[in-house]
Every structure is written in structure tokens, then in C-alpha cells.
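What follows is a set of notes on a single structure, which appears directly below.
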There are 2 protein chains.
Amino acid sequence: MKQMTKAEEQVMQILWDLKESNVRSIVDKFDTPKPAYTTVATVLKVLEKKGFVTKVPQGKTHLFLPQISKEEYSGHQMGSLLKDYFNGSFSKMASFFAKENNLSVTELEEMIEMTKKEINKKK
Amino acid sequence: MKQMTKAEEQVMQILWDLKESNVRSIVDKFDTPKPAYTTVATVLKVLEKKGFVTKVPQGKTHLFLPQISKEEYSGHQMGSLLKDYFNGSFSKMASFFAKENNLSVTELEEMIEMTKKEINKKK
DNA sequence: TTTATTCTACTAGATTTGTAGTAGATGATG
DNA sequence: CATCATCTACTACAAATCTAGTAGAATAAA
């Protein structure tokens, strides 16, 4: 799958947040210094060419819609990270994370409880 | 921290693997079609400018050394992924992973056992 | 020591990324 | 209607990325 660049990802994050949007509202969501309207429009055009968004006419303007969900994209991102840095092993990644954050087994267990709840919630 | 591009990351993965290397051996590690010797040399120069590798003279050639460990870099990568896509919550990421891979709670528990072992091993 | 090999430094060109300006269309306001 | 605001499409241009060629130095082989 094509990658998003940093600039594209920023715009995309805002669009995911808004669910759908025209150019103007995306610009408004940026912290100052806000990029130029045309800058955001250009980035959206690239995202469109890459297949990450579509637009539909809406009155005098266009409404942009994500063509890929944040979940799907993050899944891919996580997949590459896993593959390239943890031999595809999630437990390697988890233990790395635990070590990195100085988590004890107890803390890990607590986190795991939360995770189980999340899983059940989502089922 | 500066990001590596895809090409840079590929070279870096090989260098991490070899611990240290001259240009030639890195080229050799590539699957065919292997990139040109000069291509790899150019990428290494960029990595050097970005501070990810250093080189020391070695006979008629140079030996390149990683200046950042794979662990450190993957920690950063994981950090951005976590921040940008999982609200900084590792358990969100874990449950996402579990769901994505259709893991049951039992399977998750098995994985967790492995993780605990890893943690103890590393202490 | 001539010749072939191999390496580095430098250069280069095509493509992508990042950022934005301008022109012209369309719609809103007085 | 005349003017103002806003939007899209098109263009632009610098910087980064990706890939590799060439020249000349250093070394090895014959």
C-alpha cells in the first residue's frame, strides 16, 4: 500500500476526526500558523490520487471523505513496524514496550486486564 | 528525531544486521536486483548527514557503523505510531492487534505468558 | 610497472514532497 | 447590476528522495 507522507498524514488525521470535510474546515483545524488554503487543497489532491480520499461536489465546493479508515491504515502501519522491527512478533513488541517503560509484570498484568475488557467490548 | 526514508531504512536494517560494514557488503546483502554500489554509498552519506551512521577509515575503504540502535529507533517509531493512532495507549494498540488477528482471550493470555518470560529474560 | 579492479567524491537527473500564488468561476451583498 | 469573497484548477518552485554515472585515487594482479 502507498504510504502517506507527514504532511498528508496530518491532513488525514484531521479528516478522520471530522469524518468528512471541505478544505476550509480542515485549514481551520490546524494550529497557527495555519497553512494556506491552497496548500491543504494540494495535499488533498495528492491524497486523492493516492486513493486515500474521495471528494463529492457539495454546493459550490467539495466534500472530502476518507477512503481508508484510520483503523485500516494504522493496521498496515503496525504491520510494517512489527515486520521490520520485531520479527513480526507482537509479544516481542509488547515486552519491548514493557521494558522501555519500566513496567513490572504486575503492571503488565493490569494493562492486560484492560486489554481483555477492550476485546470483549469490541466483540 | 529525523525520520529515515524507505530506502534509508532498508540500508539501515542491513547495517544493523551486520553490526558494521563497508559499502560492498551491504550491496551484497540486497536481493537481486541489487542497487548500484554508488546508490548505496549515496544513501549511506545521507544517513551520515542525518546522524544515523558514522564511518571510520579502514584500509582503502570505510567502515560504517550505526549511530543509533535498532531498539532506540524502533522505540521512537512505536512512540509515534502509538501517539498518532492509538492515543498513546498501548492497551488500545494491543486490543486492536488482538481483534485484527482474531485472537481470543485465551490466545492473548498465552501471548502474555511469553511476554512475561521475555521481560524476565531481559531483566 | 603497466593494467585491471575497486573505492570515494562529486555530479546529475527524474520524481516526490511541501508550500503557496494566480486566474478565472461562482456565489453573496449592497 | 457591481463589487466583494471564496472556491477550484492550474502553475511554480525549492527541497528532498531515489537512483546511478563519471573521474580520479588507491590498490592488486600480471
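Naming: A, B, ... by sequence-line order, numbering from 1 per chain. Because only heavy atoms are used, hydrogens play no part in the values below, and waters and symmetry mates are left out as well, while side chains stay in.
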Checklist line | Salt bridge flag under 4.0 Å for residues Lys116(B) and Glu113(B) | finding: yes

Roughly, in whole Å, what's the span from [atom1] in [X] to [atom2] in [N]?
X	N	atom1	atom2	result
Tyr37(B)	dT22(D)	OH	P	17 Å
Lys49(B)	dA9(C)	NZ	P	14 Å
Phe30(B)	dC18(D)	CZ	P	11 Å
Lys55(B)	dC7(C)	NZ	P	15 Å
Ile26(B)	dA20(D)	CD1	P	16 Å
Leu47(A)	dT16(C)	CG	P	15 Å
Leu63(A)	dT8(D)	CG	C1'	15 Å
Leu44(B)	dT19(D)	CG	C1'	14 Å

The side chain of [X] lies closest to which of these nucleotides: [options]?
X	options	value
Lys50(A)	dA9(D), dT17(C), dA20(C)	dT17(C)
His62(B)	dA20(D), dA20(C), dT8(C)	dT8(C)
Thr61(B)	dA20(D), dC7(C), dC18(D)	dC7(C)
Ala7(A)	dG18(C), dA20(C), dT8(D)	dG18(C)
Arg24(B)	dA20(D), dC7(C), dT8(C)	dC7(C)
Lys60(A)	dT6(C), dT17(D), dT26(C)	dT26(C)
Lys6(B)	dT19(C), dC18(D), dC7(C)	dC18(D)
Lys45(A)	dT19(D), dA9(D), dA26(D)	dA9(D)
Thr42(B)	dA9(C), dA20(C), dT19(D)	dT19(D)

Next item on the list: Examine dA20(C): is either OP1 or OP2 under 4.0 Å from a nitrogen or oxygen in the side chain of Thr39(A)? Give yes or no.
Entry: yes

What is the nucleic acid contact for [X], judged by heavy atoms within less than 4.0 Å: base, sugar-phosphate only, or nothing?
X	answer
Lys2(B)	nothing
Thr5(A)	sugar-phosphate
Thr38(B)	base

Side chains of [X] and [Y], heavy atoms from C-beta outward: is any pair under 4.5 Å?
X	Y	result
Lys55(A)	Leu65(A)	no
Phe52(B)	Leu15(B)	no
Tyr85(A)	Phe96(A)	no

Next item on the list: Determine the sole option in Val46(B), Val40(B), Thr42(B) for which the side-chain contact (heavy atoms from CB on, under 4.5 Å) test with Leu44(B) is passed.
Entry: Val40(B)

Margin query: Quick check for you: to the nearest 0.5 Å, what is the distance between Phe64(A) atom CZ and Gln58(A) atom CD?
Written below: 11.0 Å

